[in-house]
Number of protein chains: 2
Amino acid sequence: MKIGELARLAGTNVETIRYYERDGLLPVPARSEGNYRIYRETHVQRLSFIRRCRSLDMTLDEIRVLLHFKESPQENCADVNRLLDRHIGHVTQRMQELQELERQLKDLRERCGEARDAAHCGILDGLSQAIMPGEKSASHVQGTHQHILAQDDRGKHG
Amino acid sequence: MKIGELARLAGTNVETIRYYERDGLLPVPARSEGNYRIYRETHVQRLSFIRRCRSLDMTLDEIRVLLHFKESPQENCADVNRLLDRHIGHVTQRMQELQELERQLKDLRERCGEARDAAHCGILDGLSQAIMPGEKSASHVQGTHQHILAQDDRGKHG
DNA sequence: CTTGACTCTGTAGTCACTCAAGGGTTTCTA
DNA sequence: TAGAAACCCTTGAGTGACTACAGAGTCAAG
């Protein structure tokens, strides 16, 4: 099959597939006479695995590790557990941060229930004073903007 | 004061300040004879405002809007409300996504309680089958990796 | 007068894509 | 059989919000 069909089957877009190839996540495929990439069922499976991991917000590096374990089945999978535990930790931590964030934003929002002058806007006043409850700690957890797998939103945002 | 002191006072790093200046979020400051940027109290306040908004995961564009309202106090602040409401919506949505994500990851983790061969690893098996409950919808919400305000972690991650 | 801390500019790198230009190939339709 | 449409190719640049680095200049203390 050609790249377009692989993309359809795995719910990816074509550029992403070529990007994964450049990045070493997908093997370099055979080419047709017209220089088109030719894929097989194994590629569909590998790409689907990658996309499933991405939908769980794993980094490409984490996925690389998992792919390695898939390919060397004799190795002990304690590392797989460790990777997943760490990843769950990141997700949990990010959720706690977002909960705190939501609370602060709602507090802020209540300061200005109705439209008034910006001169007396409780929101701007609130943002001008210290609210931060403490410095955020490090994590491999990102912010609140532009979800990774938002492929149905191409070109609308921004 | 020089840029280093401003950075300390606002809990930012120096490059970020210069970046905000390039990006138009901070006004171009005066310069000393030796070409050093010279800041005043107003800069500390403006930068702190920006950092507080960033700690609430607002984009620089959103912050630009808020700064505009801070500077034109006669304008109606209904737009401030709208901006904040929308932002709260994004945060709430991302939290729901992360909750679902956490659930899936923990499900996955339970498939492999102990170290075994990767050949029989329930985690890898699980990732090789379809789990995705439905496509993620678009939002201005990011993933799970590398928190924005992790400034105390310089150079460790990656 | 030298050391070291600080600052400057400019450029490139991060992550995981996404888009666009400018061309080639294949397939469908008239 | 011609030509249009759909697909594919490579290359390079753009996204957001920084971060890092090179190579140079400035300043205060010893």
Side-chain angles (χ1 to χ4, degrees), chain A residues 1-8 11-26 28-29 31-39 47 50-51 53-64 138 140-158, chain B residues 1-8 11-26 28-29 31-39 47 50-51 53-55 57-64 136 138 140-158:
Chain A
M1 75 190 76
K2 286 181 287 180
I3 199 168
E5 196 183 342
L6 175 60
R8 255 191 312 282
T12 321
N13 85 32
V14 166
E15 278 99 344
T16 304
I17 296 174
R18 290 196 280 247
Y19 169 75
Y20 286 165
E21 182 185 326
R22 273 200 306 284
D23 208 43
L25 279 163
L26 286 176
V28 175
R31 296 287 180 131
S32 72
E33 286 189 14
N35 199 32
Y36 287 10
R37 289 171 178 82
I38 301 299
Y39 296 100
L47 180 55
I50 295 170
R51 295 310 289 173
C53 292
R54 287 290 299 127
S55 82
L56 299 176
D57 266 352
M58 295 178 192
T59 62
L60 297 186
D61 276 346
E62 286 172 330
I63 297 169
R64 238 180 290 274
H140 90 275
V141 169
Q142 270 177 345
T144 313
H145 297 270
Q146 217 172 38
H147 185 87
I148 291 174
L149 296 178
Q151 299 226 357
D152 38 351
D153 183 46
R154 275 184 284 264
K156 264 188 249 165
H157 182 63
Chain B
M1 77 190 75
K2 285 181 287 181
I3 199 167
E5 198 184 341
L6 175 60
R8 256 191 311 284
T12 320
N13 84 32
V14 166
E15 278 99 343
T16 305
I17 296 175
R18 290 196 279 249
Y19 169 74
Y20 286 166
E21 182 185 327
R22 273 201 307 284
D23 208 42
L25 279 163
L26 287 176
V28 175
R31 294 288 180 131
S32 72
E33 287 190 14
N35 198 33
Y36 287 9
R37 290 171 178 82
I38 301 299
Y39 296 100
L47 180 56
I50 295 170
R51 294 310 289 173
C53 292
R54 286 292 298 129
S55 83
D57 267 352
M58 294 178 194
T59 61
L60 297 186
D61 277 346
E62 285 172 331
I63 296 169
R64 237 181 290 276
K136 298 286 174 64
H140 90 273
V141 168
Q142 270 177 347
T144 312
H145 298 270
Q146 216 171 39
H147 186 87
I148 291 174
L149 297 178
Q151 301 227 358
D152 38 352
D153 182 47
R154 276 184 281 264
K156 266 188 249 163
H157 180 64

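The model shown is predicted, which means the values in this text are computed figures rather than measured ones. Basis for what follows: all heavy atoms, side chains included, without hydrogens, waters or symmetry-related copies. Throughout, a chain's letter reflects where its sequence line sits, starting with A, and its residues are numbered from 1.
Between A:Arg37 and D:dT10, a side-chain N or O to OP1/OP2 separation shorter than 4.0 Å is present. Taking only side-chain nitrogens and oxygens, A:Asn35 never comes nearer than 4.0 Å to OP1 or OP2 of D:dC8. Applying the 4.0 Å criterion to OP1 and OP2 of C:dC17, one finds that A:Asn13 has every side-chain N and O outside that range. Put simply, B:Arg64 has no side-chain N or O that comes within less than 4.0 Å of OP1 or OP2 on D:dA17. Within the 4.0 Å cut-off from OP1 or OP2 of D:dT10, at least one side-chain nitrogen or oxygen of A:Arg31 is found. For the OP1/OP2 pair of D:dC18 and a distance below 4.0 Å, the side-chain nitrogens and oxygens of B:Tyr20 include at least one atom meeting the criterion. Look at A:Arg22 and you won't find any side-chain N or O under 4.0 angstrom from OP1 or OP2 of C:dC17. Between B:Thr16 and D:dT19 there is a side-chain polar atom (N or O) within less than 4.0 angstrom of OP1 or OP2.
The separation between A:Asp61 atom CG and C:dA16 atom P is 7 Å, rounded to whole Å. Atoms CZ (B:Arg8) and P (C:dA5) sit 14 Å apart, rounded to a whole Å. In this entry the distance linking CG of A:Leu25 with C1' of C:dC15 reads 13 Å, nearest Å. For A:Arg54 and C:dC15, the CZ to C1' distance is 9 Å, given to the nearest whole Å. Atom CD in B:Glu21 sits roughly 14 Å away from atom P in C:dT7 (whole-Å rounding). C:dC15 atom P lies 17 Å from atom CD1 of A:Ile50, rounded to whole Å. Atom CG of B:Leu26 and atom C1' of D:dA17 are 14 Å apart (whole Å). Going from atom CD1 of B:Ile3 over to atom C1' of D:dT26 covers 15 Å, rounded to whole Å.
Contact record, B:Glu5 with B:Met1: OE1-CB, 3.3 Å, taken as the closest heavy-atom pair. Here the closest heavy-atom approach between residue A:Arg64 and residue A:Gly24 is recorded as NH1-C, 4.4 Å. Nearest approach of A:Ile38 to A:Arg31, heavy atoms of both residues: CG1-C, 4.0 Å.
The main-chain N or O of A:Leu25 is never found under 3.5 Å from a side-chain atom of A:Asp23 such that the two would form a donor-acceptor pair.
Proximity note for A:Thr59 (side chain, C-beta onward) versus C:dA16, C:dT7, D:dA17: the nearest is C:dA16.
Atom CD of residue B:Glu21 and atom CG of residue B:Leu47 lie 11.5 Å apart, to the nearest 0.5 angstrom.
In this structure, the side chains of A:Ser32 and A:Lys2 stay at 4.5 Å or more apart for every pair of heavy atoms. Looking at B:Tyr39 and B:Ile17, their side chains come closer than 4.5 Å, going by heavy atoms from C-beta outward. Two residues are said to be in side-chain contact when any heavy atoms from C-beta on lie closer than 4.5 Å; B:Tyr19 and B:Leu60 meet this criterion. Two residues are said to be in side-chain contact when any heavy atoms from C-beta on lie closer than 4.5 Å; B:Thr16 and B:Arg51 meet this criterion.
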Identify each atom pair where a protein N or O and an N or O of nucleotides 21-25 of chain D are less than 3.5 Å apart, giving names and distance.
| from | atom 1 | to | atom 2 | distance (Å) |
| --- | --- | --- | --- | --- |
| D:dG25 | N2 | B:Tyr36 | OH | 2.7 |

Write out a two-atom table: protein N or O, nucleotide N or O from nucleotides 28-30 of chain D, distance below 3.5 Å.
none

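Judged by closest nucleotide on DNA chain C, B:Ile38 is the one of A:Asp23 and B:Ile38 placed further toward the 5' end.
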Steps toward side-chain contact (heavy atoms from CB on, under 4.5 Å) verdict (B:Ile50, B:Thr12): CA-CA 10 Å; B:Ile50 295 170; B:Thr12 320; over 6 Å; no
